[in-house]
There are 2 protein chains.
Amino acid sequence: MRREGARRGGRRPRTGRAGYHHGDLPRALVDAALELISREGVRALTLRAAARRAGVSQAAPYRHFADKDALLAAVAEEGFRLLTASMRTAAPSTGDDPLGRFRGFGLGYVAFAAGHPAHFRVMFGREVADRARHPGLQAAGGEAFALLVDAIRACQQAGLVREGDTETLAVSAWSTVHGLAALVVDGQLDRDGSPDVAALAHAVTGSLFFGLAAPRPAGG
Amino acid sequence: MRREGARRGGRRPRTGRAGYHHGDLPRALVDAALELISREGVRALTLRAAARRAGVSQAAPYRHFADKDALLAAVAEEGFRLLTASMRTAAPSTGDDPLGRFRGFGLGYVAFAAGHPAHFRVMFGREVADRARHPGLQAAGGEAFALLVDAIRACQQAGLVREGDTETLAVSAWSTVHGLAALVVDGQLDRDGSPDVAALAHAVTGSLFFGLAAPRPAGG
DNA sequence: ACCTGAACACCGTTCAAGT
DNA sequence: ACCTGAACACCGTTCAAGT
């Protein structure tokens, strides 16, 4: 992970384009990787193909990434940052609606996966061979999980979610939204045409909160 | 998918070992693939490495599999069959406990993933590039989902699960167990040592049924 | 400081040829 | 009917060399 800021907006460094083809080859390689994955699948992502797309020689990527794994780790790390952003965007920021906030995180999680399938695949697909070598990755993943844990704790404190080990409840919540996200990205839900992801996300987060059990008959 | 029965037990065909190295090279290649994935990751699975492991030339696999994708599809299809078997084993077969049966399917799903991570990865990891080319695969996946749908319907008929579109409820259930399974296989839950998968599976299927909501105070 | 060209040991896949 | 050997166009990665 020699790469640092993504510098998305362009704004090339003053030191100039001398020697540069892009002003930002790392960024160009990450974009090329995402496009290759989206259009032709993870197997089509080769370092050489990404280099070709960026208009540099096959050896040039090694100036910025130690190996193919490092490029994939950069994609995954960016994905985790976009994930937390998507969760925050979907959640109301007001402190007085902890349940809405919790549900918003879930909806944002699924929306991210549906909107960034290439990122999602690299984040969770074991493409990054040795995750331990990329601690920034683990950290970024932990941040998203922490968001969920905090939201559940707030709901518990408001008396909206039942008592119990917060982390275990968070694993339930994470499993639910992650499972839906994975099934969507994986195309497993496509058997009768393309599914209404937003509707499913609402149904699933609703089930998560209220459960599948039939309401007890009053006095029963 | 030229390959047919897996003939797991050994029992070589009478027609003899003349020309055969294994009696069953397709089986040997599937086993080699699983071992390579388990020991060195999906990237280490190459057709040539599988052939080496099976003791045949690099070109020999093409007698039995059209291409690398076909070998992966065979692994995935076997996985789906093992998944349904695991679900059936974990579920009580008695007709008078639909809820236990439903929960058993969920526990069996997670147990399969934890016990067969290499299969699970190929089944859901987009390693098989063109899934449409392998209809047997889609069918085997649909079977597992159908099990869940039937179990939910039975619970609804017994008044144990609330009314509503059965398929949508099934997606909730599938998402929950699939999400936990994926997080386990992916190592995402390893941040404080290795997790107690069976305990998490119980907690998660419990949450799925009862929800996370705090019990309503009586008369409130 | 960043990039290229050539090289090495690998892949997936094909095809003529062997038994 | 099943397998091999050689071949082709690709990969990841390294390294000396260029500006």
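Chain identifiers are assigned alphabetically (A, B, ...) following the order of the sequence lines, protein sequences preceding nucleic acid strands; residue numbering begins at 1 within each chain.
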Next item on the list: Could you please name the option among dT13(D), dC3(D), dT13(C) that lies closest to any side-chain atom of Y62(A)?
Entry: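 So the side chain of Y62(A) is nearest to dT13(D).
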Notebook entry, point to check: Among dT4(C), dC3(D), dG5(D), which is the nearest nucleotide to the side chain of A60(B)?
Noted result: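 In terms of side-chain proximity for A60(B), the closest of dT4(C), dC3(D), dG5(D) is dC3(D).
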Roughly how many Å is it from [atom1] in [X] to [atom2] in [N], rounded to a whole number?
X	N	atom1	atom2	result
L29(A)	dC2(C)	CG	C1'	13 Å
F65(B)	dC3(D)	CZ	P	12 Å
L71(A)	dC11(D)	CG	C1'	15 Å
L47(A)	dT13(D)	CG	P	6 Å
L72(A)	dT13(D)	CG	P	10 Å
R63(B)	dG18(C)	CZ	C1'	12 Å
K68(B)	dT13(C)	NZ	P	8 Å
D69(B)	dG12(C)	CG	C1'	12 Å

Look at [X] together with [Y] and state whether they make a salt bridge at an N to O cut-off of under 4.0 Å.
X	Y	result
D150(A)	R101(A)	no
E127(A)	K68(A)	no
D186(A)	R131(B)	yes

Item checked: Donor-acceptor under 3.5 Å (D190(B) side chain, G193(B) main chain) ->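 No; zero donor-acceptor contacts below 3.5 Å.
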OP1 or OP2 of [N] less than 4.0 angstrom from a side-chain nitrogen or oxygen of [X], does that happen here?
X	N	result
R52(B)	dC11(C)	yes
R48(A)	dA9(D)	no
T46(A)	dC11(D)	yes
H64(B)	dA1(D)	no

Checklist line | Partner nucleotide, any strand, of dG18(D) [Watson-Crick/G-U, under 3.5 Å] | finding: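 Paired with dG18(D), as far as the under-3.5 Å criterion goes, is dC2(C).
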Checklist line | Counterpart base for dG12(C), defined by Watson-Crick or G-U wobble contacts under 3.5 Å | finding: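 Checking every strand shown, dG12(C) finds its partner in dC8(D), with both distances under 3.5 Å.
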Next item on the list: With heavy atoms under 4.0 Å as the rule, sort R43(A) into base, sugar-phosphate or nothing.
Entry: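 Nothing: the residue R43(A), judged by heavy atoms under 4.0 Å, touches no strand.
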Next item on the list: Starting from the C-alpha separation in whole Å, work towards a yes-or-no answer on side chain to side chain contact (heavy atoms under 4.5 Å, CB included) for F120(A) and L82(A).
Entry: CA-CA 10 Å; F120(A) 191 86; L82(A) 292 172; over 6 Å; no
Check: Relative to the 5' end of DNA chain C, which residue comes earlier, Q58(A) or A49(B), by the nucleotide with the nearest heavy atom?
Finding: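 The residue mapped nearer the 5' terminus is Q58(A).
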